[in-house]
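Convention: sequence-line order gives letters A, B, ...; per-chain numbering from 1.
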There are 2 protein chains.
Amino acid sequence: MSPYDPSAFPPFAVTVDLVVLTVRRHALCALVVRRGESPFQGRWALPGGFVREDEDLGLAAARELGEETGLHAHDPAAPAPDNGAHLEQLGTYGDPRRDPRMRVVSVAHLALAPDLPAPRAGGDANSARWAPVETLLHHESDVGRDGEQPVPLAFDHARILADGVERARSKIEYSSLATAFCPQEFTVGELRRVYEAVWGVALDPRNFHRKVTGTPGFLVPSGGTTTRQGGRPAQLFRAGGAALLNPPMLRPEV
Amino acid sequence: MSPYDPSAFPPFAVTVDLVVLTVRRHALCALVVRRGESPFQGRWALPGGFVREDEDLGLAAARELGEETGLHAHDPAAPAPDNGAHLEQLGTYGDPRRDPRMRVVSVAHLALAPDLPAPRAGGDANSARWAPVETLLHHESDVGRDGEQPVPLAFDHARILADGVERARSKIEYSSLATAFCPQEFTVGELRRVYEAVWGVALDPRNFHRKVTGTPGFLVPSGGTTTRQGGRPAQLFRAGGAALLNPPMLRPEV
DNA sequence: CCAAAAGTGTTTCCTCTACACCCATGA
DNA sequence: TCATGGGTGTAGAGGAAACACTTTTGG
């Protein structure tokens with residue numbers, strides 16, 4: 001059998017699914033959309049869609065991200081931070097039974113975004129929403145606030161979301177990715193609250209401050225200060241160019 | 001457009017490609033096979049093949065690995081090390097032009113194997129071979145020893161191989177994966193030579209010994225000793241159950 | 001004034017590094 | 001005997017944890 005005989009391989013549908021994470025009100029949240037059709041009609045799912053005929057996988061993910069959030073993916077080659085989201089490939093999910101109707105292989109991507117005004121899938125707040133990942137993964141309570149049933153995510157999206165959350169948790173240890181959750185200018189305390197929300201732990205503010213300001217290339221002072229968190233005015237920083245943190249930020253033991 | 005209308009999505013071919021790494025004669029080597037047909041006929045490529053109709057991606061990768069090497073993939077749930085290779089998903093490559101004839105999405109997997117007798121693709125030594133990754137990636141010299149041309153790998157396989165090597169290099173820092181390159185029983189010095197080959201650096205034997213024997217769950221003594229490396233008899237160990245190394249093995253600065 | 005958040009200093013502990021030194025074999 | 005690799009001891013550098021303390025705002 002010639003491995004490239006067009007009649008010799010089964011056809012697959014290929015999609016991209018997005019794990020879009022942000023930090024809102026001290027909680028790690030993911031973007032979910034409500035499915036309008038079967039299967040899993042009415043259930044929450046990760047945003048995603050088919051890869052087009054002549055589209056690279058990363059491009060398809062960036063296009064979906066833009067359609068769902070208005071964000072553009074951050075170009076790693078750009079000289080200055082552009083407030084775009086971080087976007088990377090997460091993993092590929094291809095269980096033959098993950099979609100009951102046909103063979104679908106989904107290339108999941110992970111996006112990290114700053115806190116955004118609100119999702120805008122058709123401008124309908126009922127069809128797209130930020131939900132705490134803790135709720136989505138353990139479905140102990142409603143996704144929303146208005147008496148909906150606590151149901152798990154559609155397809156294998158709970159597994160994909162869990163993998164994305166785990167990737168984000170481990171990656172902020174040794175990279176400067178946590179700044180992707182912050183606005184362009186932020187304080188050390190705001191950055192610390194990102195780590196605390198993603199890891200679900202409390203960090204010592206004094207040691208954290210020393211650590212991040214003492215790591216060359218991680219943060220650059222923008223000159224301004226703010227009191228938006230109350231208390232003594234805090235210096236404002238932007239993300240520095242350094243991508244890797246060495247030595248890494250240590251996550252406290254569980 | 002309904003996202004699941006069967007006429008609304010383009011069909012893709014889905015393959016798995018394998019980055020199979022081992023350590024031979026103090027060098028990190030990868031398994032390559034010679035292509036028998038166009039395109040890239042006669043060039044070396046990573047082993048791989050089509051995912052079957054009802055096959056999960058990891059299963060397809062394990063099947064290809066068995067066909068190429070006779071290894072079975074290590075079951076993480078097995079209580080004792082079974083001398084199977086470590087196998088994990090690496091990443092997915094789907095550039096529309098990566099195969100000149102059709103749209104192929106390749107789900108690359110990374111396998112780490114102990115030093116094996118010899119590849120056995122059809123029993124033909126000219127069609128499958130271990131080659132040093134340094135040679136494959138920089139094609140500074142022949143892949144083999146018999147005057148072949150130094151040509152780059154077929155398709156985007158050089159990129160996939162580079163990603164796999166980078167994954168292996170970083171993963172042995174914080175996991176016990178380096179033992180996957182060793183036979184069931186091995187000495188501390190043999191394990192150290194694995195790290196040195198994968199990282200391409202020299203490590204202090206005294207500190208390395210203290211580090212690995214002092215990390216609980218990393219190594220368990222098997223009771224025996226050997227002098228196969230010369231010098232004083234060395235204790236034999238097996239891989240312990242611990243998957244994560246904490247604190248990690250530190251890779252010296254470049 | 002007080003509360004709250006931002007920062008700094010200091011002590012203790014622990015790990016990594018570097019290297020001196022000893023051990024047990026084969027040739 | 002020597003060469004070779006295996007293994008232990010130890011002093012110093014550097015980072016992290018824990019926490020006392022000062023600074024600068026708003027109310």
Side-chain angles (χ1 to χ4, degrees), chain A residues 25-26 172-174 182 185-197 199 201-238 242 244-254, chain B residues 25-26 172-174 182 185-197 199 201-238 242 244-254:
Chain A
R25 291 182 256 106
H26 287 212
I172 64 173
E173 285 189 61
Y174 57 90
C182 295
E185 295 199 333
F186 53 89
T187 70
V188 172
E190 287 161 355
L191 182 62
R192 174 172 50 81
R193 279 179 276 276
V194 163
Y195 276 91
E196 292 179 331
W199 283 345
V201 297
L203 299 176
D204 185 297
R206 291 85 55 118
N207 293 333
F208 183 88
H209 187 279
R210 208 191 336 265
K211 171 84 178 173
V212 297
T213 56
T215 300
F218 189 11
L219 302 181
V220 293
S222 73
T225 62
T226 182
T227 60
R228 62 186 173 221
Q229 302 287 347
R232 166 175 166 180
Q235 262 191 286
L236 284 168
F237 294 87
R238 296 169 192 268
L244 259 41
L245 254 45
N246 206 288
M249 187 78 58
L250 292 188
R251 168 155 44 160
E253 312 287 321
V254 186
Chain B
R25 290 183 257 105
H26 287 212
I172 64 173
E173 286 189 59
Y174 57 89
C182 295
E185 294 200 333
F186 53 89
T187 69
V188 171
E190 288 162 354
L191 182 63
R192 175 172 49 81
R193 280 180 276 276
V194 164
Y195 275 90
E196 292 178 331
W199 284 345
V201 298
L203 299 176
D204 185 299
R206 291 86 55 122
N207 293 334
F208 183 88
H209 186 281
R210 206 190 338 263
K211 171 82 179 174
V212 297
T213 56
T215 300
F218 189 10
L219 301 181
V220 293
S222 74
T225 61
T226 183
T227 60
R228 62 187 174 222
Q229 302 287 347
R232 166 177 166 179
Q235 261 192 286
L236 284 168
F237 294 87
R238 297 170 191 267
L244 260 41
L245 253 44
N246 206 290
M249 186 79 57
L250 291 187
R251 171 155 43 161
E253 312 286 321
V254 187

Review point. Between B/Glu196 and B/His26, is any pair of side-chain heavy atoms under 4.5 Å apart?
Key: no
**Study point:** Spacing between A/Phe208 atom CZ and D/dG15 atom P, to the nearest angstrom
**Key:** 17 Å
Point to revise | Whole-Å gap separating C1' (D/dG15) and CZ (A/Arg251) | key: 20 Å
Exercise for review: Describe the nucleic acid contact of B/Arg228 in one word from base, sugar-phosphate, nothing, applying a heavy-atom distance below 4.0 Å.
Suggested key: nothing
Review point. Do B/Arg251 and B/Tyr195 come close enough that some side-chain heavy atom pair is under 4.5 Å?
Key: no
Exercise for review: Measure the distance from CD on B/Gln235 to P on C/dT25 and round it to the nearest whole Å.
Suggested key: 13 Å
Exercise for review: Choose from C/dA24, D/dA18, C/dC19 the nucleotide whose nearest atom is closest to any side-chain atom of B/Asp204.
Suggested key: C/dC19
Point to revise | Presence of B/Arg206 side-chain N/O under 4.0 Å of D/dT10 phosphate oxygens OP1/OP2 | key: no
Check your understanding: When you check every protein heavy atom under 4.0 Å of nucleotides 11-17 of chain C, what one-letter string (B, S, -) results, 5' to 3'?
Key -> ----SSB
Exercise for review: Could you check how far CG of A/Leu191 sits from P of C/dA6, rounded to whole Å?
Suggested key: 12 Å
Check your understanding: Do any side-chain nitrogens or oxygens of A/Arg232 fall under 4.0 Å of OP1 or OP2 in C/dA3?
Key -> no
Practice item. Determine the minimum heavy-atom distance between A/Thr213 and A/Phe237, stating which atoms define it. Key: CG2-CZ, 4.2 Å
Exercise for review: Determine whether B/Ile172 and B/Val194 make a side-chain contact, defined as any pair of heavy atoms from C-beta on separated by less than 4.5 Å.
Suggested key: no
Point to revise | Distance in angstrom units between A/Leu219 CG and C/dA6 C1', rounded | key: 15 Å
Point to revise | Heavy-atom side-chain proximity of A/Val212 to A/Arg192 below 4.5 angstrom | key: no
Review point. For B/Tyr174, which residues count as a side-chain contact (heavy atoms from CB on, under 4.5 Å) partner, sequence neighbours excluded?
Key: B/Lys171, B/Pro248
Exercise for review: Report yes if at least one side-chain N or O of B/His209 is closer than 4.0 Å to OP1 or OP2 of D/dG7; otherwise report no.
Suggested key: yes
